[in-house]
Amino acid sequence: MSVPSYGSSEVPAGPSCFYHPDRPSYIRCQRCDRLICTDCQTPAPVGFHCPGCLDEARRRRPAQRTEFGAPLRADEKPRLTYAVIALCAVMYLLQWTAQTTGANVTGYLSYAPAHTSQWLMEPWRMLTSAVLHSPANVMHIGFNMLALWIVGRVIEPAIGRLRYAALLVLSALGGSVAVLWLTEPNVPTVGASGAVFGLFGSLFILMRSSGAESGGVIALVAVNMAMSFIVPNISWQGHLGGLVAGALVALVIAKAPRGRRVLWQTLGLAGIAVALIALTIVGIPLVNPPQLGQPPILGF
Ligand SMILES: [Zn+2]
Ligand SMILES: [Zn+2]
């Protein structure tokens with residue numbers, strides 16, 4: 001009987017490792033019962049596991065997720081937040097150059113309740129108005145983009161890009177629905193404030209539901225809400241609508257049952273969208289007078 005020589009390609013006379021036929025083995029994998037050498041042994045709660053079983057276990061483990069169901073990635077950048085900021089900046093430039101080119105971007109894309117008075121004649125304005133800002137006041141776009149940059153970078157990775165997109169769109173729509181119900185029919189409104197206040201509302205809910213200290217957010221929202229009442233020409237209605245819609249979206253995202261979370265989140269967000277559209281349709285007769293056959297009065 002020959003003595004097994006380690007490190008050589010000679011096949012040992014005794015039992016050998018499943019992964020290394022040239023190495024002797026006297027230990028079996030606890031799962032698959034294959035013989036494994038000392039290099040192939042990974043300590044398990046009982047005995048050892050082989051490299052094959054280890055790979056298999058790794059593959060079966062569900063992907064890591066955040067508290068709210070978003071995939072957890074270490075180097076995730078808030079790309080949608082940056083994209084929205086870039087879009088608002090480009091639109092603002094277009095609004096400025098409109099004076100020279102004659103294309104009245106603000107006039108075409110801003111929203112006043114009269115725009116949805118004749119059975120939803122220009123409903124897209126309820127969303128397009130959210131990427132425009134007041135050409136008369138640089139502070140308007142400056143503050144909104146700063147708030148979006150600060151809060152968006154926190155919320156986007158926490159809830160994932162799709163939920164975040166839904167949050168922005170539904171908050172902007174919520175702001176416009178409040179404008180439809182609560183403002184003068186012919187006063188156009190512009191600004192991402194509805195979406196920004198939606199982020200404020202959702203940040204409060206998300207922090208509460210994860211047990212974080214939310215006093216700072218309450219103060220931030222209170223100060224901004226107070227400012228929207230005190231400073232003239234700011235649409236507190238749009239702010240309020242965005243705040244409520246954003247908080248509702250966050251409630252759905254945070255409270256959806258873990259079992260079938262994506263399904264419940266989808267149904268909940270779809271429900272909010274349907275409710276906002278229903279509120280828009282119900283609000284149409286409120287716009288008085290309904291401006292039949294007349295273009296609505298626009299201008300700043
Ligand atoms: Zn094994
Ligand atoms: Zn081995």
Side-chain angles (χ1 to χ4, degrees), residues 83-148 165 168-198 227-229 231-243 245 273 276-277 279-300:
V84 172
I85 292 174
L87 176 63
C88 287
V90 168
M91 295 309 292
Y92 199 60
L93 279 177
L94 288 177
Q95 286 179 272
W96 267 100
T97 53
Q99 288 154 356
T100 47
T101 60
N104 188 0
V105 177
T106 312
Y108 288 130
L109 299 178
S110 61
Y111 176 66
H115 287 124
T116 45
S117 65
Q118 293 171 35
W119 294 104
L120 292 173
M121 52 185 180
E122 292 176 6
W124 63 85
R125 287 174 179 264
M126 296 181 85
L127 288 177
T128 55
S129 62
V131 295
L132 301 184
H133 287 86
S134 169
N137 186 358
V138 181
M139 290 293 286
H140 186 218
I141 185 167
F143 174 77
N144 276 346
M145 295 305 104
L146 181 67
L148 186 59
L168 290 178
V169 170
L170 292 174
S171 300
L173 184 57
S176 288
V177 169
V179 165
L180 164 64
W181 277 76
L182 303 172
T183 65
E184 292 294 316
N186 291 324
V187 177
T189 306
V190 288
S193 321
V196 166
F197 271 77
M227 269 180 62
S228 46
F229 282 104
V231 180
N233 296 326
I234 288 189
S235 162
W236 62 266
Q237 298 90 340
H239 292 182
L240 184 67
L243 187 73
L276 289 175
I277 292 168
L279 276 172
T280 303
I281 292 169
V282 173
I284 289 170
L286 292 179
V287 181
N288 209 3
Q291 301 292 312
L292 280 165
Q294 270 183 328
I297 303 156
L298 289 166
F300 285 89

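Below, each value reflects all heavy atoms present in this structure, side chains not excepted, and no hydrogens, waters or symmetry copies. Since the model is a prediction, treat every value here as computed from it, not as a measurement.
The two atoms that bring Ala172 and Ala130 nearest to each other are CB-CB, 3.8 Å, heavy atoms only. Ala245 approaches Leu170 most closely through the heavy-atom pair CB-O, 3.6 Å. In plain terms, the two heavy atoms of Ser110 and Pro188 that are nearest each other are OG-CB, 3.8 Å. For the residue pair Pro113 and Thr183, the shortest heavy atom distance occurs at CG-OG1, 3.5 Å. Summarising the geometry of Met91 relative to Val105, their closest heavy-atom pair is CE-CG1, 3.9 Å, with the distance given to 0.1 Å. The shortest heavy-atom contact between Pro123 and Thr116 is CA-CG2, 4.0 Å.
Here the CG atom belonging to Leu87 is positioned 9.0 Å from the CG atom belonging to Leu132, to the nearest 0.5 angstrom. In this structure, CG in Leu276 is found 11.0 Å from CG in Leu180, a value given to the nearest 0.5 Å. Separation of atoms CG (Leu148) and CG (Leu146) is listed at 9.5 Å; rounding is to 0.5 Å. With values rounded to the nearest 0.5 angstrom, Thr189 atom OG1 is found 11.0 Å from Glu184 atom CD. Rounded to the nearest 0.5 angstrom, Ser134 OG and Gln95 CD are separated by 8.0 Å. Distance OG/Ser129 to CG/Leu173: 9.5 Å, rounded to 0.5 Å.
The shortest distance between side-chain heavy atoms of Tyr108 and Thr128 does not fall below 4.5 Å. Looking at Leu127 and Ser176, their side chains never come closer than 4.5 Å, going by heavy atoms from C-beta outward.
Formation of a donor-acceptor pair under 3.5 Å by the His133 side chain with backbone atoms of Ala192 is found in this model.
Note on ring orientation: taking the six-membered ring where Trp is involved, the planes of Trp96 and Tyr92 are perpendicular (angle over 60°, cut-offs 30° and 60°).
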